[in-house]
Amino acid sequence: MDGTKPVMETNAEETQDESQETKGCFECCIKCLGGVPYASLVATILCFSGVALFCGCGHVALSGTLTMVDNHFSRISTDHATLALVIQILQYIIYGLASFFFVYAILLLAEGFYTTSAIKKELQSDFKTTPCGRCITAFFMFLTYLLAVGFLGIFGFSAVPVFLFFNMWTTCASMSAPDSNITDPDSVCVDVRQYGIIPWNATPGKACGATLGEICNTSEFYLSYHLYIVAFAGAGTTLIALIHYLMILSANWAYLKDQASTHSYQDIKTKDDLDLEAESRSKEGHNSSSYS
């Protein structure tokens, strides 16, 4: 019996050490999860998703649009050379937007980690935010506001090709509808020259009747139409992400500014209390020396 007692004590100590180690890992995980800026993380996921949809689908849709115009509306390449140049410029802009927002979203997520960590340290200790940190938050807030306004324009601009393709699709659907009262299908036409996409001297410039129906059944039209819709949704998602970022940055900046004012007030109050305490001690020392 006496020989088994040390073994039992050793097993109890090992069990206690394992439970403490498990508890320590659990507390560490909870502490790490508590420092994650979930709002910034959600905004970053939205931003990545929206930019990926807008840039990827927009790039392919622009290429499909140029192919469709080249095959059906302007068979002479010199007539739509300006359109080809504009599409090429837009595709380069898409490359730049994708790269910029990838880096910018990571920076905003890092700023969210920094601010969340600073706020938790202020609540747990005497840690104070620096003016540089508050200026960085204010700079990101201002830049995000400008990007949100700019992407609002991109969101509106991306609705234009959706409208044009929808107009063309409804025209084709009206011709193929069984209850349509169209006696002469060749009189139903879509003239893309009136939208300013190609010049008026481009030939043929428009499609009517059966030719229009064939265009609507091509893979270029079908794919480009749906990709423009997805790109439009991606632009809206990116805009929502930027507005979300703006709300997060505004809240963080307001909290950091409030904490800075509170710390300044506490420092002044502490200094005044120390001065009053030193003055009272000097008076007590003076009084004691006078009585003696």
Side-chain angles (χ1 to χ4, degrees), residues 33 35-68 83 86-116 136-169 195 197 219-255:
L33 291 175
V36 176
Y38 292 101
S40 297
L41 185 62
V42 171
T44 302
I45 295 173
L46 284 175
C47 186
F48 281 161
S49 302
V51 171
L53 290 176
F54 175 75
C55 294
C57 296
H59 184 276
V60 179
L62 288 172
S63 299
T65 302
L66 183 60
T67 302
M68 188 176 66
L83 176 64
V86 171
I87 288 178
Q88 186 178 12
I89 293 174
L90 290 176
Q91 288 177 336
Y92 281 125
I93 292 174
I94 285 174
Y95 297 149
L97 282 176
S99 303
F100 172 78
F101 273 97
F102 176 77
V103 176
Y104 189 68
I106 292 177
L107 290 177
L108 289 181
L109 182 61
E111 196 276 340
F113 273 102
Y114 161 76
T115 307
T116 303
I136 291 175
T137 302
F139 170 74
F140 278 126
M141 184 172 60
F142 175 72
L143 184 57
T144 303
Y145 174 78
L146 294 180
L147 290 174
V149 173
F151 230 90
L152 181 62
I154 294 176
F155 178 67
F157 178 77
S158 61
V160 175
V162 176
F163 169 75
L164 297 180
F165 274 79
F166 176 77
N167 187 21
M168 189 171 177
W169 177 77
Y195 300 118
I197 299 176
S219 60
E220 293 88 2
F221 175 83
Y222 184 83
L223 182 62
S224 298
Y225 177 40
H226 290 84
L227 287 179
Y228 276 127
I229 295 175
V230 177
F232 177 70
T237 304
T238 307
L239 181 61
I240 293 173
L242 290 173
I243 295 174
H244 197 176
Y245 274 131
L246 188 60
M247 291 189 294
I248 296 168
L249 293 169
S250 300
N252 289 341
W253 183 80
Y255 185 85

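Separation of atoms OG1 (Thr238) and CD1 (Ile243) is listed at 11.0 Å; rounding is to 0.5 Å. Between the CG atom of Leu152 and the CG atom of Leu147 there is a distance of 12.5 Å, given to the nearest 0.5 Å. Rounding to the nearest 0.5 Å gives a distance of 11.0 Å between NE2 of His244 and CD1 of Ile45. Taken from CE in Met168 to CZ in Phe163, the straight-line distance is 13.5 Å, to the nearest 0.5 Å. To the nearest 0.5 Å, atom CE of residue Met68 and atom OG of residue Ser63 are 12.5 Å apart. Within the model, atoms CG of Leu53 and CD1 of Ile229 stand 13.0 Å from one another, a figure rounded to the nearest 0.5 Å.
Proximity of Ile197 to Leu164: side-chain heavy atoms (C-beta onward) are separated by under 4.5 Å at one or more points. Looking at Val51 and Leu97, their side chains never come closer than 4.5 Å, going by heavy atoms from C-beta outward. Using a 4.5 Å cut-off on side-chain heavy atoms (C-beta onward), Asn252 and Phe140 make no contact. Residues Thr65 and Leu83 form no side-chain contact, since every pair of their non-hydrogen atoms from C-beta on lies 4.5 Å or further apart.
The neighbour count for Phe48 CZ, taken as heavy atoms of other residues, nucleotides or ligands under 6.0 Å away, is above 12. Open room surrounds CZ on Phe102; 12 or fewer heavy atoms of other groups in view lie less than 6.0 Å from it. By the 6.0 Å contact criterion, CZ on Phe157 is open, its count of non-hydrogen atoms from other residues, nucleotides or ligands being 12 or less. Annotation: Tyr195, atom OH; neighbour count of heavy atoms from other residues, nucleotides and ligands within 6.0 Å is above 12.
Taking the six-membered ring for Trp, Phe155 and Phe232 have ring centres closer than 6.0 Å.
Between Phe166 and Tyr225, the ring-plane angle classifies as tilted under the 30° and 60° cut-offs. Taking the six-membered ring where tryptophan is involved, the planes of Tyr104 and Phe101 are perpendicular, since the angle between them exceeds 60° and thus also 30°. Taking the six-membered ring where tryptophan is involved, the planes of Phe165 and Tyr228 are tilted, since the angle between them lies from 30° to 60°.
Closest of all the heavy-atom pairs between Ala148 and Leu239 is O-CD1, 3.4 Å. In terms of heavy atoms, Cys47 sits closest to Ala241 at N-CB, 3.5 Å. The minimum heavy-atom distance between Thr144 and Leu246, with the atom names listed, is CG2-N, 4.0 Å. Taking every heavy atom of both residues into account, Ala235 and Phe54 meet most closely at CB-CD1, 3.8 Å.
The closest side-chain donor-acceptor pair between Glu111 and Ser40, if any, does not fall under 3.5 angstrom.
Put simply, the residue from Cys57, Cys55, Ser99 that forms a side-chain contact (heavy atoms from CB on, under 4.5 Å) with Ile94 is Cys55.
Using a distance-only test at 3.5 Å, with no hydrogens or angles considered, no donor-acceptor pair links the side chain of Thr237 to the main chain of Leu46. A donor-acceptor pair under 3.5 Å links the side-chain atoms of Tyr245 to the main chain of Thr44, judged by distance alone.
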